[in-house]
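Heads up: the structure comes next, in structure tokens.
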Amino acid sequence: MGNFQMPKDFDVNKVVEAITTGDGWIKLEGMYSEEDILMARERIYHHNKADKKLISTDKHESKDEQHNKFNGLVWALFNKGRIFEKLAQHPAILNISNIVLGERSQISSFAANTVLPGQGGQLPHLDYPYYRLFYPSSNPHIMDSAPPLSVQFVTLVTDFHMGNGGTAIRPNSHKQPRYPDDKDEFYKNAIQMEGKAGDVVVFAGALQHCAMPNKSKGLRAGILQHMAPVYIKPFEAMAEYVREDVKERATPDMRRILALEHPYPVLKK
């Protein structure tokens, strides 16, 4: 479990600067070994059947039939294989989260997504706040002075490139968080993530981004680990859905990111 490899030329201070006062994102090269990525990919495809969908499409299904039947998201990853416990506790993730979000920061969401050939992209959005309706309607710019409230870690389970729809991001958009209502403006100022399987892209939760259409003939898959301060309500009820056997064998770091010992909210009588 603990045989981690560190990203190439890893400097936690450089990462923190990049995702806070810098462009809002950074790529960590070679953070996971080929063995770890192969194991994670096998588990993901076992649950979403993406590799089988790829074969069936090549044989007889149209793209419309394929997409109507396929949802590439896999949730509750901690219950899907021990490899995900390992990936989530990588020291680089914990160190970055400690500095930006606090030493008790928690995992807010942990899922994998696979995009089939020909499948479309997403609308540009932010990862925090989760939805625009959570902004105060009378003061929608209040987030301008807020501290960082989430960090997204995207583990590349396959290569990401222009052809297969690597995630588009708008650098510096996290500094004044706005939902990107003008899609043309977003695309005009966006760049696309590119990297190798095993790389991890780290970006501020308030950075505008979206998945792009997969125009290649292969699958694109990634793991999305959303970290937040312990005082933020997580997107997923992590502690509730994680199996008891996973909790029982949890390391101190795992217990921390699941907030298993966080005492709040308290029931007062």
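Just so you know, these numbers use all the heavy atoms, side chains as well, and skip hydrogens, waters and symmetry mates.
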Hey, does [Y] have a side-chain heavy atom less than 4.5 Å from the side chain of [X]?
X    : Y    : value
C210 : T167 : no
P147 : L149 : yes
Y187 : D182 : no
E236 : S108 : no
M254 : E85  : yes
L267 : K269 : yes
R256 : S97  : yes
I223 : V154 : no

* Just wondering, more than 12 heavy atoms not from M162 lying within 6.0 Å of its CE? ->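 No, the 6.0 Å shell around CE holds no more than 12 heavy atoms from other groups.
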
### Message
Can you confirm whether more than 12 heavy atoms, excluding those of K8, are under 6.0 Å from its NZ atom?
### Response
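No, because the 6.0 Å sphere around NZ of K8 holds 12 heavy atoms or fewer from other groups.
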
Could you give the distance from [atom1] ([X]) to [atom2] ([Y]), rounded to the nearest 0.5 Å?
X    : Y    : atom1 : atom2 : answer
I169 : Q208 : CD1   : CD    : 11.5 Å
E34  : M39  : CD    : CE    : 11.5 Å
L28  : D9   : CG    : CG    : 11.0 Å
L258 : K247 : CG    : NZ    : 8.0 Å
I93  : I107 : CD1   : CD1   : 8.0 Å
R220 : M212 : CZ    : CE    : 9.5 Å

Any side-chain donor near an acceptor of the partner, [X] and [Y], under 3.5 Å:
X    : Y    : answer
Q152 : D127 : yes
S216 : N214 : yes
N3   : K86  : yes
N48  : R43  : no
Q5   : S33  : no

| request: Salt-bridge test for R249 and D245: reply yes if a basic N is under 4.0 Å from a carboxylate O, no otherwise. | output: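 A salt bridge links R249 with D245.
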
message: Does the plane of the ring in F84 sit parallel, tilted or perpendicular to the ring in F110? Use 30° and 60° as the thresholds.
response: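 Rings of F84 and F110: perpendicular, as their planes differ by over 60°.
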
Without placing hydrogens or testing angles, list every side-chain donor-acceptor pair under 3.5 Å for residues 10-24, not counting sequence neighbours.
{"residue": "D11", "atom": "OD1", "partner": "N13", "partner atom": "N", "Å": "3.0"}
{"residue": "D11", "atom": "OD1", "partner": "K14", "partner atom": "N", "Å": "3.3"}
{"residue": "T20", "atom": "OG1", "partner": "V16", "partner atom": "O", "Å": "2.5"}
{"residue": "T21", "atom": "OG1", "partner": "E17", "partner atom": "O", "Å": "3.4"}
{"residue": "D23", "atom": "OD1", "partner": "N172", "partner atom": "ND2", "Å": "3.4"}

Pairs of donor and acceptor atoms involving the side chains of residues 190-199, under 3.5 Å and at least two apart or interchain, shall be tabulated with distances.
{"residue": "Q192", "atom": "NE2", "partner": "G166", "partner atom": "O", "Å": "2.8"}
{"residue": "D199", "atom": "OD1", "partner": "G30", "partner atom": "N", "Å": "2.7"}
{"residue": "D199", "atom": "OD2", "partner": "K196", "partner atom": "N", "Å": "2.8"}

Quiz item: Considering residues at least two apart in sequence or located in another chain, which fulfil the salt bridge (Lys or Arg N to Asp or Glu O under 4.0 Å) criterion with R178?
Solution: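 Here the qualifying residues are D144.
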
Under 3.5 Å donor-acceptor, N164 side chain and H161 backbone |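 Yes, because the side chain of N164 sits within donor-acceptor range (under 3.5 Å) of the backbone of H161.
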
Taking the side chain from H90 and the backbone from A88, do they hold a donor-acceptor pair closer than 3.5 Å?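 Not confirmed, H90 side chain does not pair with A88 backbone.
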
For this session: Output the rest of the hydrophobic cluster of V266: all Ile, Leu, Val, Met, Phe, Trp and Tyr residues reachable through side-chain heavy-atom contacts under 4.5 Å, sorted by chain and number.
Result: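 Via sub-4.5 Å side-chain contacts, V266 links to Y264.
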
Q.
Given K27, which partner from the list V202, L156, V201 fulfils the side chain to side chain contact (heavy atoms under 4.5 Å, CB included) test?
A.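 It is V201; the other options fail the test.
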
Practice item. Return the set of residues passing side chain to side chain donor-acceptor pair (under 3.5 Å) with N189 (not counting sequence neighbours), or none when no residue passes. Key: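 Counting only residues at least two positions away or on another chain, N189 forms a side chain to side chain donor-acceptor pair (under 3.5 Å) with E185.
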
Would you check, one step at a time, whether the test side-chain contact (heavy atoms from CB on, under 4.5 Å) holds for L87 with I83? CA-CA 6 Å; L87 300 186; I83 183 60; 4.2 Å; yes

- Query: What about L260 and M238, same hydrophobic cluster or not, with Ile/Leu/Val/Met/Phe/Trp/Tyr joined at side-chain heavy-atom distances under 4.5 Å?
  - Reply: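 Same cluster: L260 reaches M238 through Ile, Leu, Val, Met, Phe, Trp or Tyr contacts under 4.5 Å.
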
_Residue pair F153, I96: steps toward the side-chain contact (heavy atoms from CB on, under 4.5 Å) verdict_ = CA-CA 10 Å; F153 296 85; I96 295 164; 3.9 Å; yes

Please evaluate residues W75 and S109 with respect to the criterion side-chain contact (heavy atoms from CB on, under 4.5 Å), reporting the C-alpha separation (whole Å), side-chain torsions for both, the decisive distance (0.1 Å), and the verdict. CA-CA 9 Å; W75 297 95; S109 180; 3.6 Å; yes

Going by ring-ring contact (aromatic ring centres under 6.0 Å, His included), name the residues that satisfy it together with H174, two or more places apart in sequence or in a different chain.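 H174 satisfies ring-ring contact (aromatic ring centres under 6.0 Å, His included) with no residue once adjacent residues are dropped.
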
Kindly determine whether T155 and Q225 satisfy side-chain contact (heavy atoms from CB on, under 4.5 Å), including the steps that lead there.
CA-CA 8 Å; T155 297; Q225 179 168 343; over 6 Å; no

*Is it true that H209 and F203 have ring centroids separated by less than 6.0 Å?*
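They qualify: ring centres under 6.0 Å apart.
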
